[in-house]
Peer 1: 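Quick one: the structure is below, and I'll ask about it shortly.
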Number of protein chains: 2
Amino acid sequence: MHTLAEENYLKAIYKLQLQAENVSTNQIAASLATKASSVTDMLRKLADKLLINYTRYQGVSLTAAGEKVAVNIIRKHRLWEYFLVEKLNFKWDEVHDMAEEMEHISSNELIDRLDKFMDFPTRDPHGDPIPDCDGNFKQNDLKPIAAIAVNSGGIISGVRDHSSAFLQYLEKQQLTIGKKILVKEIITYDNTVILKMDNNDIHISRDVANNLLIAI
Amino acid sequence: MHTLAEENYLKAIYKLQLQAENVSTNQIAASLATKASSVTDMLRKLADKLLINYTRYQGVSLTAAGEKVAVNIIRKHRLWEYFLVEKLNFKWDEVHDMAEEMEHISSNELIDRLDKFMDFPTRDPHGDPIPDCDGNFKQNDLKPIAAIAVNSGGIISGVRDHSSAFLQYLEKQQLTIGKKILVKEIITYDNTVILKMDNNDIHISRDVANNLLIAI
DNA sequence: TATATTTTTTAGACTTGCCTAAAAATACAA
DNA sequence: TTGTATTTTTAGGCAAGTCTAAAAAATATA
Ligand SMILES: [Mn+2]
Ligand SMILES: [Mn+2]
Ligand SMILES: [Mn+2]
Ligand SMILES: [Mn+2]
């Protein structure tokens, strides 16, 4: 149906659009670790196929058709990640690269059966919502720990950084999905956040507080 | 590691080598539905990478390295087929094309865990043996029904033709893996074979008898 | 507003994998 | 063994996707 490169571009544009309606050539280049000139080439192709709205120098946005493709790729990515963790016992920091390949397996029948086999999970191992077979899902309504007030708290429900290094760090601190935390204090000197979890105090840096999301 | 095209060529050469040591350019072209000139191009690349033994006009054979790659692809193909049938409830005639894509998922850790998850199956849905994680397996020692004598028989254990059409036909006649059959009579006029199975008589054509394999 | 900087696009080139057409090598047959 | 048919390779070209370098457009700054 679509090439691997096209699918990767559409997914990248989709994710960038969550931050701002209009996406720039350089943003796409950065997110795909490619060059702006390569992006321009691909944008012309995607526009020809009516998958994006594109006018020279004006940035791009997905059309309804393009968004549908992107959401389907994301559905596949997250379902495969769930499979790898729940059925094959991989850790949450090990699955992203494999899912990056598996999301391009074309059969929708296959992914729908996989969905059923796993009993229709709604969140992937990183807390991200899994679109259903019609592409419906609600975006996470989460806040970074850095954005909430002292003495408030919630349930750890997602991450903003999906890197292995970050996920492994969280694992070691036991700051995993589902844990209940409270912001006890914020050190004004360097913005270190002191959390209370299971009656222990945990110190996390500003960076970590920015990338760890809680449900409100 | 290797490109998708390279992997497909190596697998094709491997399968052709089961028939004869040396494989010709035209055989490869036919089996991949491509042109002889394209094959020649790829043979040079594979020879450069020491995956095949190749001298111009002399045909090719896999090196030990090439065979290892090919067997690994086949292992992945058959394990994914098993997964699709046993876990996702696809029928044996539906899984080949999906497995054709999935066999290129690169992670060996993934396939080894999948193998364990399914409790190390030894045969795929079509009766073909599944290589273990070291690439060891014994080739099927099966005979086409057309090659056995009247009043002998055995257990249906494999197919030579993997096409959807053939598999669906077998399904309809209930000529599936594991069934016990006896060759009752061979009509000399057109080589129709009359089988006895579950106390019923089943008439199959010469073509079918050639493509349906039994354990001896 | 004019100039400098940044962003984006164009121009031209490379690799992979494929094609057609023609040439070369091999195999077959009289 | 010599001519013909078949097989295989070479030559040249194309599409996808990438790159570098240079030009053009947009944006920021003085
Ligand atoms: Mn991921
Ligand atoms: Mn994820
Ligand atoms: Mn198959
Ligand atoms: Mn099979």
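Only a predicted model underlies this, so the values are computations on that prediction, with no experimental measurement involved. Chain naming here is simple, since letters A, B, ... match the order of the sequence lines and numbering starts at 1 in each.
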Peer 1: Mind checking whether A:Phe83 and B:Trp80 have parallel, tilted or perpendicular rings, split at 30° and 60°?
Peer 2: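 Ring orientation, 0 to 90° scale: tilted.
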
Peer 1: Tell me: CG of A:Asn8 to C1' of D:dA16, nearest whole Å?
Peer 2: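 Rounded to the whole Å, the gap is 14 Å.
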
Peer 1: Over all strands shown, is B:Ala36 touching base, sugar-phosphate only, or nothing at heavy-atom distances under 4.0 angstrom?
Peer 2: base

Peer 1: Taking atom C1' of C:dT15 as reference, at what distance in whole Å does atom CD of B:Glu6 sit?
Peer 2: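 Spelled out: CD on B:Glu6 to C1' on C:dT15 is 12 Å.
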
Peer 1: Quick one: on DNA chain D, does B:Arg44 or A:Gln58 contact a more 5' nucleotide (nearest heavy atom)?
Peer 2: B:Arg44

Peer 1: Roughly, in whole Å, what's the span from NE2 in A:His2 to P in D:dA15?
Peer 2: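 Result: 20 Å.
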
Peer 1: What is the nucleic acid contact for A:Ser38, judged by heavy atoms within less than 4.0 Å: base, sugar-phosphate only, or nothing?
Peer 2: base

Peer 1: In whole angstrom, give the distance that lies between atom CG of A:Leu43 and atom C1' of C:dT7.
Peer 2: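 In whole Å, C:dT7 C1' and A:Leu43 CG are 13 Å from each other.
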
Peer 1: Could you tell me whether the phosphate oxygens of D:dA16, OP1 or OP2, come under 4.0 Å of any side-chain nitrogen or oxygen in A:Lys45?
Peer 2: no

Peer 1: Side chains of A:Ser163 and A:Asp161: donor-acceptor distance under 3.5 Å anywhere?
Peer 2: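 Distance-only check passes for A:Ser163 and A:Asp161.
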
Peer 1: In a check of side chain to side chain contact (heavy atoms under 4.5 Å, CB included) between B:Glu100 and each of B:Met102, B:Met98, B:His96, B:His104, which one passes?
Peer 2: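 Exactly one candidate clears the test, B:His96.
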
Peer 1: Does any donor atom in the side chain of A:Asp207 or A:Ser205 lie under 3.5 Å from an acceptor atom in the other side chain?
Peer 2: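 A:Ser205 and A:Asp207 do not have a side-chain donor-acceptor pair below 3.5 Å.
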
Peer 1: What is the separation between atom OH on A:Tyr54 and atom C1' on D:dA25, rounded to the nearest whole Å?
Peer 2: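 About 12 Å, once rounded to whole Å.
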
Peer 1: Rounded to the Å, how far apart are B:Asp41 CG and C:dT15 C1'?
Peer 2: 13 Å

Peer 1: Would you mind telling me which of B:Asp132, B:Asp112, B:Asp128 makes a salt bridge (charged side-chain N to carboxylate O under 4.0 Å, His left out) with B:Arg75?
Peer 2: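 Running salt bridge (charged side-chain N to carboxylate O under 4.0 Å, His left out) over B:Asp132, B:Asp112, B:Asp128 with B:Arg75 returns exactly one hit, B:Asp112.
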
Peer 1: Please report the distance, rounded to the nearest Å, between CE in A:Met42 and P in C:dT8.
Peer 2: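 Answer to the nearest Å: 18 Å.
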
Peer 1: So, for B:Phe117 and A:Lys87, which heavy atoms are closest and what is the spacing to 0.1 Å?
Peer 2: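 Reported closest heavy-atom pair: CD1-O, 3.4 Å.
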
Peer 1: Would you say B:Thr40 places a side-chain N or O within less than 4.0 Å of OP1 or OP2 belonging to D:dT10?
Peer 2: no

Peer 1: Can you find a side chain N or O atom of B:Asn26 that sits less than 4.0 Å from OP1 or OP2 on D:dT6?
Peer 2: no

Peer 1: Tell me whether the side-chain N/O atoms of A:Ser24 come closer than 4.0 Å to OP1 or OP2 in C:dT7.
Peer 2: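 It does not, given that no N or O in the side chain of A:Ser24 lies less than 4.0 Å from OP1 or OP2 of C:dT7.
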
Peer 1: Any idea which of D:dT9, C:dC19, D:dG17 is nearest the B:Lys35 side chain?
Peer 2: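 Per side-chain heavy atoms of B:Lys35, the pick is C:dC19.
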
Peer 1: Establish whether the base of D:dT20 is bridged to the side chain of A:Ser37 by a donor-acceptor pair shorter than 3.5 Å.
Peer 2: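 Flag set: donor-acceptor pair detected.
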
Peer 1: Measuring to OP1 and OP2 of C:dT16, would you say a side-chain N or O of B:Thr3 lies under 4.0 angstrom away?
Peer 2: no

Peer 1: Counting only side-chain nitrogens and oxygens, does B:Tyr57 get under 4.0 Å of the OP1 or OP2 atom of D:dT10?
Peer 2: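 Result: no.
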
Peer 1: How is A:Thr34 classified with respect to the nucleic acid when contacts are heavy atoms under 4.0 Å: base, sugar-phosphate, or nothing?
Peer 2: sugar-phosphate

Peer 1: In whole Å, what is the span from the CG atom of B:Leu46 to the P atom of D:dT9?
Peer 2: 13 Å

Peer 1: Does A:Tyr9 place a side-chain N or O at less than 4.0 Å from the phosphate oxygens OP1/OP2 of D:dT18?
Peer 2: yes

